[in-house]
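Notes follow the structure.
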Amino acid sequence: MQMAIQGIGLTGGFGSGVESLHAALQSGEIVTQQGQVEHKGKIDTFPAYLASLDGLEEFIPKRALRRIDHCSRMTLLTACLALKDAGMFEAERTRMGVIIASGYGPLKTTFDFLDSYLDFGYACSSPTHFSNSVHNAAAAHVSMQLKTTAPSLTVTQFEMSVPSALLTAQQWLAEGRVDQVLFGAVDEQCDVLRYCRQQFFADGELGPLQPFAFNKQSAVAGEGAVFFVLTRDETAAYSHIDEVKLGNHAVCPVSLAQDELLILGADGHKECGRWYEEAAAGNETAAYTPFYGSFPAAAGFDLAVAALSLRNNRLYTSPESTGPTKLTLAEPRDLNGTPLACLKFGLAGEYGLTRMSP
Amino acid sequence: MTVQAPIAITGLGSLSGAGLNLTESMESLFRGERHPHPPIRFTTDHPVSYLVLELRDGFKLPLDEQEQVYSRTCQLALAAALEALAHAGWNAENLRGKRVGVCVGTTVGCALNCDDFYRAYKGDAKPDLGIMERFLRSNPAAVIARQLKLDGPIQTVVNACSSGTDAIGIGASWLRSGACDIVIAGGADELLRVTYAGFSSLMITDSDPCKPFDVKRKGLNLGEGAGILILESAAIRSEKKAQGYVLGYGSACDAYHLTAPHPDGAGLKQAMHEAFTAADVTPADIAFVNTHGTGTPDNDRVEGRVLNAVLPGVPFLSTKGYTGHTLGAAGGIEAVFSVACLQRGEIPTSIGFADADPEVISTPVIKNTRIAGGIALSESLAFGGNNAVLILGKGDH
């Protein structure tokens, strides 16, 4: 069953709102921010794609945000932007399901909770941090603030979170469980994650992110959130999602048509790079991760780029196209109704293939 | 939601504080045994010692020593999956080439609750990156798929305490849509110091054995374990007899509070309604209810009132007294127990209950009870306001 994308909301290193992503794609300008963390008295600065929360108070009263953490705030902002983009912010939402994909969940709050008992003893563990550290807290805040009482689902599957959760969105609409799905993806940056990435990848974190340098570690940390309003309608404001296919390339190679135009989720992680090189070598490919960075939920941004491309009938230049693949799109071009597919790989060859059409 | 086709359950696997496999667990339940104790696998400086139900000694992790690279949650999930697959007549070899999905619910299995790592990170010691590497390998659904070399959809559901129930409902829908032919579905969670501290901070844990639905209930006992069902399409199952059926699934969100259920049980009622519609059954068809029944004042009050309103007079029980609250595993374990009870034609006493609470209205069974009929309802309530309901049918045996 086809899903129609009726609205998109996002925040990431490129800014907030669908027009910010569109502007980045048109200009080709890559902007990273400077992340900064303090650890054991030392200041560590590093390139990162960080998300803004500007505009959240337009939708949610400041008072209601008091105990809501950064991860859930990104979620709320982009959920509201997607509803507004779809013209559904004031609509009745009792038949609207909520599905959120997150590779790591609310990291900062998870560690804030550990701080509460490591610093002050177990009797002083923080109930607020604990209840907000549960992975479905962001979905709960969306449901509470936006009064969505239909089914709610949170999926954590590392790199596969987005395609896996999208499969369930498709099922819900096909079965008539809901009339719309507010489908989102979110991941946040935090100091512990920075520490681990630096230990694992050292200078490989410094950028620039080169998605097609499959054998080189060039991932640059990112964070952000993206939401889509999905329906069963035949007409779509952006595009349709035709098929969501999940499997493991190492067990049974992914089946791609030779003329299939692919947006790769390659994000500079060497361990995943080999799968893209192996599976997509014969296809025309693009990758837009240099606009938003490396984090599991970024697979949702790939979907947003595909949706924008299909709506605008324009495939944008793939930035940082240096690397072994010769078929990378180096110039923008009209799509003329050509479908697109987003391909995302996990560490062990797990893949998600999302086929989309105008 | 329209009427859904029944999905056959061909294998069951479960381990928890009640037993290290399904046979042992059912014997324990019907003997009315339980073994809560203070935590053994970890220590805290908390002034109160809350009881838990850990797996008893003798549990052998399913992977040999060189492969002990996954979290305990993943090991529990894998152990239950292997038991269920064997029950269904499957193994890694004869699954090869089949389209097999894995849908597993968890709570702590996906959270970066690595407090040993974090303590070192904050202090003077060098954190052990091996802990982080293990975390990054340890997605429960992905681990099962990887170990069995499966090619199909995988999903780890993190809907807090309804995760296991949701995972089974989602897995059944994959089969109906043709996304795959076999699904390994259920839930798994280990007992951790982090969740122990967290539930203690919410003041909903009991230092005595928990007392679901009792007037003197004070809270839950945490537990750990896994419960997995093998679901098969009609084409794959062929002549194989079903252990049971997933007849319907419903879920809904309270949109009310992060940790407390809606006082009127609005989401639970909605989830029940959806499940009844999907299964094409009425409340009169339900032989028994396996409740969420945590033993917390709020949960049991709301759940009892909803049962009284929607399913008056239907026998119900909580198995949390035997297993403890296993969080994301609970829905999986309870679905397995429900199917096994349908096969036996009886349910065990709802251990821990003695005196009725006028606020709860309904009372669970107080002895092993014969049931009339072949349809059960298993329900889960969760943080975030999630409510999930499964309607399960008796098998062909």
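Chain letters run A, B, ... following the sequence lines, proteins first, then strands; residues in each count from 1. From a predicted model like this one, the values you see are computed outputs, not experimental measurements. Side chains are part of it too, since the values below use all heavy atoms of this structure and drop only hydrogens, waters and symmetry mates.
- Per-residue counts of heavy-atom pairs under 4.5 Å with chain B were compared for A/Gly349, A/Ser164, A/Gly176; the largest is that of A/Ser164.
- Between chain B and the options A/Asn132, A/Val192, A/Val134, heavy-atom pairs under 4.5 Å are most frequent for A/Val192.
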Criterion side chain to side chain contact (heavy atoms under 4.5 Å, CB included) on A/His141 and B/Leu258, from CA distance to verdict: CA-CA 8 Å; A/His141 286 301; B/Leu258 200 52; 4.1 Å; yes
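- Considering only heavy atoms from C-beta on, A/Phe200 comes within 4.5 Å of B/Leu136 through its side chain.
- When all heavy atoms are compared, the tightest approach of A/Met144 to B/Ala255 is CG-C, 3.6 Å.
- Only the side chain of A/Ala348 comes within less than 4.5 Å of a heavy atom in chain B; its backbone stays farther off.
- Summarising the geometry, atom OH belonging to B/Tyr121 is positioned 8.5 Å from atom OH belonging to A/Tyr195; distances are rounded to the nearest 0.5 Å.
- Contact annotation for A/Glu350: only side-chain heavy atoms (C-beta onward) come within less than 4.5 Å of a heavy atom of chain B.
- Among A/Glu175, A/His135, A/Gln157, the residue with the largest count of heavy-atom pairs under 4.5 Å with chain B is A/Gln157.
- When each of B/Arg96, B/Arg193, B/Arg137, B/Arg99 is scored by its heavy-atom pairs under 4.5 Å with chain A, the top score falls to B/Arg193.
- Using a 4.0 Å cut-off between a side-chain N of Lys or Arg and a carboxylate O of Asp or Glu, A/Lys40 and B/Asp124 do not qualify as a salt bridge.
- Using a 4.5 Å cut-off between heavy atoms, B/Ile170 touches chain A through its side chain atoms alone.
- Among the candidates A/Met160, A/His39, A/Met1, the residue making the largest number of heavy-atom pairs closer than 4.5 Å to chain B is A/His39.
- Counting heavy atoms from C-beta on, the side chains of B/Asn113 and A/Phe113 never come closer than 4.5 Å.
- The shortest side-chain heavy-atom distance between B/Val194 and A/Leu114 falls under the 4.5 Å cut-off.
- Between B/Phe199 and A/Phe130, the two ring planes are perpendicular [angle over 60°; tilted spans 30° to 60°].
- In the displayed structure, B/Phe42 atom CZ is contacted under 6.0 Å by more than 12 heavy atoms of other residues, nucleotides or ligands.
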Stepwise side chain to side chain donor-acceptor pair (under 3.5 Å) test for B/Asp45 and A/Tyr117: CA-CA 10 Å; B/Asp45 65 5; A/Tyr117 72 70; over 6 Å; no
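- Residue contact with chain B, scored on non-hydrogen atoms closer than 4.5 Å, involves the backbone and the side chain of A/Asp115 alike.
- The shortest distance between side-chain heavy atoms of A/Cys196 and B/Phe117 falls below 4.5 Å.
- Residues of residues 159-167 of chain B that come closer than 4.5 Å to chain A, counting heavy atoms only, are B/Asn159, B/Ala160, ordered by residue number.
- The environment of B/His273 atom NE2 is sparse: at most 12 non-hydrogen atoms of other residues, nucleotides or ligands sit within 6.0 angstrom.
- Separation of atoms CG (A/Leu167) and SG (B/Cys103) is listed at 9.5 Å; rounding is to 0.5 Å.
- When each of B/Gly384, B/Ala145, B/Cys253 is scored by its heavy-atom pairs under 4.5 Å with chain A, the top score falls to B/Cys253.
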Check against side chain to side chain contact (heavy atoms under 4.5 Å, CB included), B/Val158 and A/Asn136: CA-CA 6 Å; B/Val158 287; A/Asn136 68 335; 5.7 Å; no
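- Looking at A/Leu146, there are no atoms closer than 4.5 Å to chain B (heavy atoms on both sides), in backbone or side chain.
- Residues B/Phe135 and A/Tyr104 approach most closely at CE2-CD2, 4.3 Å, considering heavy atoms.
- Annotation: maximal heavy-atom pairing with chain B below 4.5 Å, among A/Val178, A/Thr110, A/Val244, A/Thr168, occurs at A/Thr168.
- No part of B/Ser200 comes within reach of chain A, as not one of its non-hydrogen atoms sits under 4.5 angstrom from that chain.
- Judged purely by atom type and a 3.5 angstrom limit, A/Asn248 has no side-chain atom pairing as donor or acceptor with the backbone of B/Asp151.
- Within the 4.5 Å cutoff, the side chain of B/Tyr249 has heavy atoms near those of the A/Arg177 side chain.
- Enclosure of atom CD in A/Glu271 is not indicated, since only 12 or fewer non-hydrogen atoms of other residues, nucleotides or ligands lie within 6.0 angstrom.
- Looking only at heavy-atom pairs under 4.5 Å with chain A, the residue among B/Gly250, B/Pro127, B/Pro47 that has the most is B/Pro127.
- Put simply, of A/Thr156, A/Val251, A/Leu107, A/Val142, the one with the most heavy-atom pairs under 4.5 Å next to chain B is A/Thr156.
- When the candidates B/Cys180, B/Gly385, B/Ala111 are compared by the number of heavy-atom contacts under 4.5 Å with chain A, B/Ala111 comes out ahead.
- Using a 4.5 Å cut-off between heavy atoms, A/Gln171 contacts chain B through its side chain alone, with no backbone atom that close.
- Here the closest heavy-atom approach between residue A/Ala150 and residue B/Gln270 is recorded as CA-NE2, 4.2 Å.
- Contact annotation for B/Tyr256: only backbone heavy atoms (N, CA, C, O) come within less than 4.5 Å of a heavy atom of chain A.
- A/Val155 has its side chain out of reach of B/Thr156: every pair of non-hydrogen atoms, C-beta onward, lies at least 4.5 Å apart.
- Looking at B/Ala271, neither its backbone nor its side chain comes within 4.5 Å of chain A, counting heavy atoms on both sides.
- Between chain A and the residues B/Val108, B/Asn386, B/Ile154, the most heavy-atom pairs under 4.5 angstrom are made by B/Ile154.
- Proximity to chain B is limited to the backbone of A/Ala165, based on heavy atoms less than 4.5 angstrom apart.
- For the pair A/Leu118 and B/Lys122, the minimum side-chain heavy-atom distance is below 4.5 Å.
- In this structure, chain B has a heavy atom under 4.5 Å from the backbone of A/Thr148, while its side chain stays farther away.
- Using a 4.5 Å cut-off between heavy atoms, B/Leu150 touches chain A through its backbone atoms (N, CA, C, O) alone.
- Side-chain contact between A/Leu153 and B/Gln155 is present, with heavy atoms from C-beta onward closer than 4.5 Å.
- The number of heavy-atom neighbours closer than 6.0 Å to NZ of A/Lys270, taken from other residues, nucleotides and ligands shown, is 12 or below.
- Residue contact with chain B, scored on non-hydrogen atoms closer than 4.5 Å, is absent for A/Ser116.
- With a 4.5 Å cut-off on non-hydrogen atoms, B/Arg119 touches chain A through its backbone and its side chain both.
- Note: B/Glu274 leads B/Lys149, B/Glu274, B/Met132 in heavy-atom pairs under 4.5 Å with chain A.
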